[in-house]
Colleague: 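One structure, as C-alpha cells, below. Some questions next.
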Number of protein chains: 4
Amino acid sequence: MSPAELDALCAKVRAFVEECAIPREDMSRGHDIEWLDDVTRELRTQARARGLVLPQLAPEHGGLGLNWVECVRVFGEAGRSFLGAGALGCAAPDQPNIDTLLRIASPAQRGRWLPPLLDGRVRSGFSMTEPAPGVGSDPRMIRTTARRVAGGWVLDGHKWFSSGAVGAAFTIVVARADEGVTWFLVEAGNPGFEVVRSVPSIDPFSHGGHGEVRLRDCFVADDALIGEPGKGLEYAQLRLEGARLFHCMRSTGLAARALEVAQGYVATRESFGARLAEHQQVQAMIADSHMDLYAARLMTTDVARRLDAGESIRHESSMAKVFVSEAVNRVADRAAQLTGALGMSGDAPIANIVLKLRPFRIYDGASEVHRAAIGKRIISRRVRP
Amino acid sequence: MSPAELDALCAKVRAFVEECAIPREDMSRGHDIEWLDDVTRELRTQARARGLVLPQLAPEHGGLGLNWVECVRVFGEAGRSFLGAGALGCAAPDQPNIDTLLRIASPAQRGRWLPPLLDGRVRSGFSMTEPAPGVGSDPRMIRTTARRVAGGWVLDGHKWFSSGAVGAAFTIVVARADEGVTWFLVEAGNPGFEVVRSVPSIDPFSHGGHGEVRLRDCFVADDALIGEPGKGLEYAQLRLEGARLFHCMRSTGLAARALEVAQGYVATRESFGARLAEHQQVQAMIADSHMDLYAARLMTTDVARRLDAGESIRHESSMAKVFVSEAVNRVADRAAQLTGALGMSGDAPIANIVLKLRPFRIYDGASEVHRAAIGKRIISRRVRP
Amino acid sequence: MSPAELDALCAKVRAFVEECAIPREDMSRGHDIEWLDDVTRELRTQARARGLVLPQLAPEHGGLGLNWVECVRVFGEAGRSFLGAGALGCAAPDQPNIDTLLRIASPAQRGRWLPPLLDGRVRSGFSMTEPAPGVGSDPRMIRTTARRVAGGWVLDGHKWFSSGAVGAAFTIVVARADEGVTWFLVEAGNPGFEVVRSVPSIDPFSHGGHGEVRLRDCFVADDALIGEPGKGLEYAQLRLEGARLFHCMRSTGLAARALEVAQGYVATRESFGARLAEHQQVQAMIADSHMDLYAARLMTTDVARRLDAGESIRHESSMAKVFVSEAVNRVADRAAQLTGALGMSGDAPIANIVLKLRPFRIYDGASEVHRAAIGKRIISRRVRP
Amino acid sequence: MSPAELDALCAKVRAFVEECAIPREDMSRGHDIEWLDDVTRELRTQARARGLVLPQLAPEHGGLGLNWVECVRVFGEAGRSFLGAGALGCAAPDQPNIDTLLRIASPAQRGRWLPPLLDGRVRSGFSMTEPAPGVGSDPRMIRTTARRVAGGWVLDGHKWFSSGAVGAAFTIVVARADEGVTWFLVEAGNPGFEVVRSVPSIDPFSHGGHGEVRLRDCFVADDALIGEPGKGLEYAQLRLEGARLFHCMRSTGLAARALEVAQGYVATRESFGARLAEHQQVQAMIADSHMDLYAARLMTTDVARRLDAGESIRHESSMAKVFVSEAVNRVADRAAQLTGALGMSGDAPIANIVLKLRPFRIYDGASEVHRAAIGKRIISRRVRP
C-alpha cells in the first residue's frame with residue numbers, strides 16, 4: 001500500500017470513528033455485554049459498507065491485507081473509540097482467535113468457526129488465567145487439567161478473566177495434559193463448561209467481559225484439540241507477541257483520544273485569569289504526553305517493521321509492551337488531571353479511558369514480569385546496549 | 001487523652017471496622033446511594049453502641065473530644081473501610097458541614113440541623129463546583145448568582161459535583177452576591193433547587209453522590225444566609241483546610257488497606273518458582289509503599305499538631321494535600337499491580353480503592369493548582385527551605 | 001550507503017573506539033584542555049588513516065558523505081568514548097561551526113577557516129550565552145552589543161559558557177546590532193576579545209572548555225560579519241536543530257557505554273548470595289535502561305529521517321532533545337547505582353559519563369523551556385495527538 | 001533544652017555558617033585534602049570560640065549535650081556549608097569514630113585517641129569497603145583477613161573508599177577473623193598499612209578523602225582489637241544506624257542551601273518576558289523541593305525521636321535513609337536545573353552540592369539494598385502498613 005493509499009485509508013477509518021462509532025458510545029453502559037454486542041453488530045455493518053473491516057487479514061479472508069506497519073496507524077485510528085476495534089473486527093479476543101484458527105487450528109475447526117467469526121455473527125473467548133494459586137503471569141502454573149479418555153479429553157479446572165467468554169460461541173481453553181500445556185476449543189453449550197459470571201473488572205467496553213469459568217468433567221472430543229498436545233506454551237508466546245502489539249496500537253489511539261479531549265478543554269477553559277493552556281504546568285503536561293505518544297508509536301512501529309521483515313521480536317515486543325502500556329497510562333492520567341472534575345465524570349470519555357487502559361499494565365504479562373525477563377535476557381545473551 | 005487511651009480507642013475502631021464495616025462492604029454497590037445510606041445508618045447504630053461516633057466533636061455534641069493529632073490515627077483506622085467514616089459520623093460532606101454549623105451558622109440554623117446531623121438521621125450536601133466555564137479550582141470564578149429580594153434572596157445557577165446533594169436534607173450553596181461570594185443553606189424541597197442527577201463519577205461509596213444541581217429562581221428567606229454576605233471565599237478556605245486534612249487521614253487508611261491486602265497476597269501467591277514476596281521488585285514496591293505511608297502520616301500529623309497549637313497551616317496544609325493525595329495513589333496503584341488480575345477485579349477491594357482515591361488528586365484543589373500556589377508563596381514570602 | 005556498508009562502517013568506528021580512543025582516555029584529565037587537544041590530534045591522525053574522519057561531511061570536504069539517518073549510528077559508535085567524536089572531527093563546537101561556514105559564511109571566511117578546521121589543525125569557539133541578566137535559554141535576551149563604526153563593528157559584552165573558546169583560532173560571537181541579533185567571526189589575538197578563563201563546569205572532556213569572555217571595544221572589520229545582520233536568531237535556531245540532534249546521537253552512545261560497563265559488572269559481581277544480575281531490581285534497572293535507549297534511538301532516527309526528507313523538524317527535534325537528554329541521564333544514573341562505589345569513582349568511566357551528560361538537560365535549551373514551547377505550539381497549532 | 005534555647009542555638013550555628021564557613025568555601029579545592037584540613041582547623045577554633053563544637057556529645061566530653069531530635073536542626077544548619085560539620089566536629093568519619101571510642105573501645109584506646117579527636121588535632125579513618133569481589137553493600141562479603149599470631153594479629157587485604165584514611169592518625173579496619181568479622185584500630189605509620197591513594201570520587205569536600213588501602217602482613221598488637229572478636233557486623237549495624245541519621249541531617253541542610261540559591265536566582269532572573277519565579281514550572285519545582293525537604297525532615301526527626309526514646313530504629317532508619325537520600329538528590333537536581341548554566345558551573349555551590357549528595361544514594365547501603373531489606377522485613381514480620 002502506498003503512503004498516499006494508507007493516508008486515505010486512515011482518513012476513512014477516522015471519519016468512520018467520528019461519524020459512527022463515537023456517537024454510539026454510551027458511557028453508562030461500559031459493563032453491559034449485550035448492549036456492546038448489539039451496537040458492535042450494527043457498527044460492523046456500517047464499517048463493512050465503508051470497506052473497512054478486518055484490516056489485519058488477507059483479502060482472501062475478506063480483509064484489507066495490511067502488513068503490520070500499516071496496521072499501526074489504522075488500529076490507532078480505530079482504537080480512538082471504545083467501539084472502533086470491535087466495529088472493524090480487530091478487537092481482542094476475536095482477532096487473536098482468528099489468528100489461531102488460521103495458523104494452528106485444523107481445517108475442520110477453521111471451516112466451522114472462521115466464517116461466522118469473520119462475519120461478526122459470533123464471538124469467541126480465550127480462557128487461560130486462573131485464580132490463585134493457578135496461572136497468572138507465570139504460564140507454567142496452569143492447574144486446569146486435561147485427561148485423555150476414550151474419544152477425547154476431560155477438562156477440569158477453574159478459570160477467570162477468560163476474555164470474551166460471556167456469550168462466546170466457543171472458547172479456547174488452555175489446560176495441562178500429560179504432554180504439557182495444551183489448547184482446546186470448547187463450544188458453548190458443553191455441559192461441563194460453565195461461565196459462572198463476568199468478573200466485575202474496572203475496564204469497560206470489553207467484548208464478552210472477563211468470564212469466570214468452571215470446567216467440571218468437561219468432555220471434549222478429539223477434534224477439539226488445537227494444534228498439537230504439549231505445545232500450548234509455545235502457542236501462547238506466539239499469540240501474545242502479536243496480540244500485545246495490536247493492544248499497543250489500539251491503546252495508543254485511545255490515549256490520544258483522551259489527550260485530544262484534554263487539549264480542547266485547556267484551550268478554552270479559564271482559571272486564575274488565563275486560559276488553562278497558558279499555564280506552564282499545563283503546557284508541560286501536554287508536551288510530556290506528546291512525547292510519550294511519539295515514543296510509543298515509534299516503538300510499536302519498529303516492532304511491526306521487524307515482524308514484517310520476519311525477524312524475531314521476542315525482546316523488542318516485550319520492551320514495547322512495557323513502555324507503551326505505561327506511556328498510555330501516563331497520557332490518560334494527565335488528561336484526567338487536566339480536565340479536573342470533568343475528567344473524573346462519566347460525562348467525558350476520559351474517566352473511562354483511564355479505566356480501560358489501567359489493566360494493560362497487568363494483562364498480557366505484568367510490567368514487573370516483563371522487566372525481569374528483559375533484564376535476564378540481556379544479561380544471559382549479552383545484549384549490547 | 002493519654003497514649004495508652006488513644007491506643008485503646010484505635011484498637012476499638014479497628015475492631016469495629018474489621019467486625020462490622022468491612023463485612024458489610026458490597027463492591028457491586030459502590031454507586032448505589034440509597035444502599036449506602038441504609039448500611040451507614042445500621043453501622044452508625046453499632047458504632048454508637050461501641051462508643052465510637054463523632055470522634056472529632058466535643059463531648060457536648062456527643063463526640064469523643066479528640067484533638068487533631070488524635071484524629072489522625074482514629075480517622076486512619078476508620079478510613080480503612082469504605083463504610084468506616086460514615087459509620088462514625090466523620091465522612092464528608094457531613095463532617096465539614098457540622099463544622100460550618102458550629103462555627104459560622106446562626107443559632108437557629110444550628111438548632112434546626114445540628115441534632116439530626118449528629119444523630120445521623122439526615123445527610124447534608126455542599127454545592128460549590130460548577131461545570132465550565134464556572135468555578136473549578138479557582139474559587140473566584142463562581143457564576144451562580146444570589147440576588148437580594150424582599151425577605152430573602154434568589155439564587156440562579158448550575159452546579160455539579162455537589163457533594164452529598166442527592167438525598168440531602170439541606171445543601172450549603174455557594175453563590176455570588178453583590179457583597180461577594182456568599183453561603184446559603186437551601187433545604188430539600190425548595191422548588192427552585194433541583195438535583196438533576198448524581199453525576200456518574202469514578203469514585204464509589206460517596207455519601208449522597210456528586211449531585212448536578214439546577215438553581216432556578218430559587219428563593220430562600222433571609223435566615224438561609226450562612227454567616228455574613230461576601231465572606232464565602234474566606235469560609236471556603238477555612239473549610240477546605242480542615243476538610244483536606246480529614247481527607248488525608250481517611251485516604252491514608254484506605255491506601256493502607258489496599259497495601260495490607262497486597263501484602264497478604266504476595267506472602268502466599270507463587271510465581272516463577274518462588275513466592276511473590278521473594279521477588280525483589282515486589283519487595284521494593286512494598287518498601288516504597290511503606291515509605292510513602294510513613295511520610296504521609298508524618299506530614300498529616302505535623303499539620304494536625306500545628307492546628308492543635310493554633311498555628312496557621314495554610315502553607316503546610318497545602319503541601320500535605322499534594323503530597324498525601326499523590327502518595328496514597330501511588331500506594332494503591334502498586335497494590336493493584338502486585339495483585340494482578342485480582343487487583344483489577346471487584347472481588348478484592350483494591351480496584352475500588354484505586355477508584356476512590358484517584359479524584360483526591362483533583363478534589364479540594366488539583367495538585368497543579370496547589371503547586372503553583374505553594375511555589376508563589378515561597379517566592380513572595382521568601383520562605384526559607 | 002547500503003545497510004551492509006553502514007554495518008561495516010559502524011564496525012570500523014567501533015573498532016577504532018575500542019582500540020584507539022578508549023585506551024587513551026585518562027579520567028584524571030577531564031578538565032585539561034591542552035591534553036585533550038593533544039590526544040585529539042593524535043587520534044585524528046589514526047582515524048584519518050582508517051578513513052573515518054568527518055562522517056557528516058560531503059566527500060568534497062573530505063567527509064564520508066553520510067546522511068542524517070546514517071549519522072545516527074556512526075555518531076552513536078563514536079560517542080561511546082569521550083574522545084571519539086573529537087577524533088572523527090564531529091565534536092561540538094567545531095562540527096556546527098563547520099556547518100555555519102558551509103551554509104552561511106562568506107567565501108573568504110570559508111576559504112580561510114574551513115581547511116584548517118577540516119584538517120583538525122585548529123579549533124573554533126561559539127559564544128552566545130551570557131551570565132545573568134544576559135541571554136540564557138531565552139535567545140532574545142542578548143546584551144552583548146555590536147555597534148557599526150567606520151570599516152567594521154565594535155563589540156562589547158560579557159559572555160560565559162562559550163563553547164570551545166579556550167584556545168580557539170576563532171570564535172563565532174553572537175551580539176545585538178541595530179538590525180537585530182547578528183553573528184561575527186572574531187579571531188584569536190583580537191585585543192578586544194579576552195578569554196578570561198575556562199568556567200569550571202561539571203562536564204569533563206569538553207574541547208576548548210567553556211570560556212568566559214570579555215569583549216571590550218572589540219573592533220572587527222566588515223568581513224567579520226557572518227551572513228546578514230539581524231538574522232542571528234534564525235541562524236541560532238537552525239544551528240541548534242542540527243547541533244542538538246548530533247548531541248542526541250553522541251550522548252546516546254556515551255550512555256550506552258555506561259550501561260555496558262554496568263552490565264559487565266552485574267554479570268560477575270556477587271552480593272547477598274547471588275550475582276547482582278540475578279537480583280530482580282537489577283534486572284529491572286537494566287531493562288528500563290534498554291527501553292530508554294531503544295526509545296531514544298528511535299526518536300533520534302525519526303528526526304534524522306525527517307531531515308533527510310527535507311521536512312521541518314522544529315517540533316520533533318525539540319521533543320527528541322527533551323526525551324533523549326533525560327533518557328540518557330536516567331541510563332547513566334542507573335549505571336552508577338548498579339556499580340556502587342565503583343560508579344562514584346574515577347576508576348570507571350561511569351562517574352565521568354554521569355557528569356558529562358548532566359548538562360545536556362540544560363545546554364541547547366533547558367528541558368523546561370522546551371516543554372513550555374512544545375506545549376504552546378501544540379495548543380496554538382492544534383497539533384493532533 | 002527548651003524550644004527557645006534550641007532556636008537560639010540554631011541561630012548561632014546559622015550565623016557561624018554564614019559568617020565563617022561559607023566565606024571560606026573554595027569551590028576549586030573540593031578535592032584538596034590538605035587544604036580542607038587546614039581550613040577546618042581554623043574554623044574549628046572559631047566555632048569553639050562561639051561555643052558551638054561537638055553538639056552531639058555530652059558536656060563531659062566538651063559537647064553541647066544535644067539529644068537526637070535537637071541534633072536534627074543543629075546538624076541541618078551546620079550542613080548548609082561544605083565546611084560546617086567539620087568545623088563543629090560532627091563530620092564523618094570522625095563523628096562515628098568518636099562514638100565507637102565511647103561505646104566499644106577499651107579505656108586505653110579511648111584515653112589515647114579521644115582527646116586529640118575531640119580537640120580536632122587529628123583525624124581518623126574507617127576502612128570497611130573493598131573492591132570487587134570484596135565487601136560492598138553486603139557486609140558478609142569481607143575478604144580482608146585477621147590472623148591471630150603471638151601478641152596480636154596480622155591483617156591482610158585490599159580496601160578502598162576508606163573514609164578519611166588519607167592523613168588519618170588511626171583507621172578502624174574491619175577484617176574477617178576466625179571468630180567472625182572483627183574491628184581493629186590501626187595507627188598511621190604501621191608498615192603493613194599503606195594508603196595507596198585517595199580514590200578519585202565525585203563527591204568533593206570529604207575529610208581525608210576515600211583512601212585505597214593495602215594491608216600486607218599488617219601486624220597489630222592485642223590492644224588494637226576494638227570490642228570483641230566476631231562482633232564486627234553488629235558494631236557495623238549500630239554504627240551505620242547513627243551515622244546514616246547524621247548523614248540525613250547534614251545532607252538535608254546542604255540540599256536546602258542549593259534550593260536557597262536557586263530561589264534567590266529565580267526571584268530575580270528574567271526569561272521569556274517574566275521573572276523565572278513567575279513561570280509555573282519553576283513554581284512547581286520549588287514546591288516539590290519544599291515538599292521533599294518537609295517530608296525528609298519529618299522522617300529524620302521521627303527516627304531521632306525514637307532513638308531518644310530508646311526504641312529500635314532498624315526499620316525506620318532504613319526507610320529514612322532511602323527516602324532522605326533520594327529526596328535531597330531531587331532537590332539538588334532541581335536547583336541545578338533552575339539555575340541553568342550557573343548550576344553546572346563551579347561559580348555557584350549548586351554543582352558541588354549535586355556532586356556531594358549523589359553518592360549518598362549508594363554509601364551506607366545502596367537504595368536497592370535497603371529496599372529489598374525493608375520489603376523482606378515487612379513480609380516476614382507482617383509489619384502492618
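Since this is a predicted model, take the numbers as computed values, not measurements. Below, chain A is the first sequence line, B the second, and so on; all start at residue 1.
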Colleague: First locate atom CD1 of Ile379(D), then atom CD of Gln283(B), and finally report the distance between them rounded to the nearest 0.5 Å.
Modeller: 8.0 Å
Colleague: For Ala256(D) and Pro385(B), which heavy atoms make the closest approach, and how far apart are they?
Modeller: O-CG, 3.5 Å
Colleague: Examine whether an atom of Leu298(D) lies under 4.5 Å from a heavy atom of chain B, and if so say whether it belongs to the side chain, the backbone or both; otherwise answer neither.
Modeller: both
Colleague: State the CE-OH distance between Met319(D) and Tyr294(B), to the nearest 0.5 angstrom.
Modeller: 5.5 Å
Colleague: Taking all non-hydrogen atoms of both residues into account, name the closest pair between Ala295(B) and Ala295(D) and its distance.
Modeller: CB-CB, 4.3 Å
Colleague: Please give me the minimum heavy-atom distance between Ile378(D) and Ala287(B), naming the atom from each residue.
Modeller: CD1-CA, 4.4 Å
Colleague: Non-hydrogen atoms of chain B under 4.5 Å away: do they reach the side chain of Arg297(D), the backbone, both or neither?
Modeller: side chain
Colleague: Quick check: do Arg371(B) and Met291(D) have side-chain heavy atoms less than 4.5 Å from each other?
Modeller: yes
Colleague: Which bit of Val266(D) comes within less than 4.5 Å of chain B, counting heavy atoms only: side chain, backbone, both or neither?
Modeller: side chain
Colleague: Only pairs of heavy atoms separated by less than 4.5 Å count here; which of Ile286(B), Leu259(B), Val331(B), Asp302(B) has the most with chain D?
Modeller: Asp302(B)
Colleague: Picking from Asp292(D), Ile374(D), Asp288(D), which has the most non-hydrogen pairs under 4.5 angstrom with chain B?
Modeller: Asp288(D)
Colleague: Pick whichever of Gln280(D), Gln281(D), His290(D) has the most heavy-atom pairs under 4.5 Å with chain B.
Modeller: His290(D)
Colleague: Can you tell me which portion of Glu278(B) sits under 4.5 Å from chain D's heavy atoms? Options are side chain, backbone, both or neither.
Modeller: neither
Colleague: Take atom CZ in Arg275(D); do more than 12 heavy atoms of anything else shown fall under 6.0 Å from it?
Modeller: yes
Colleague: With only heavy atoms counted, which part of Leu293(B) is less than 4.5 Å from chain D, the side chain, the backbone, both or neither?
Modeller: side chain
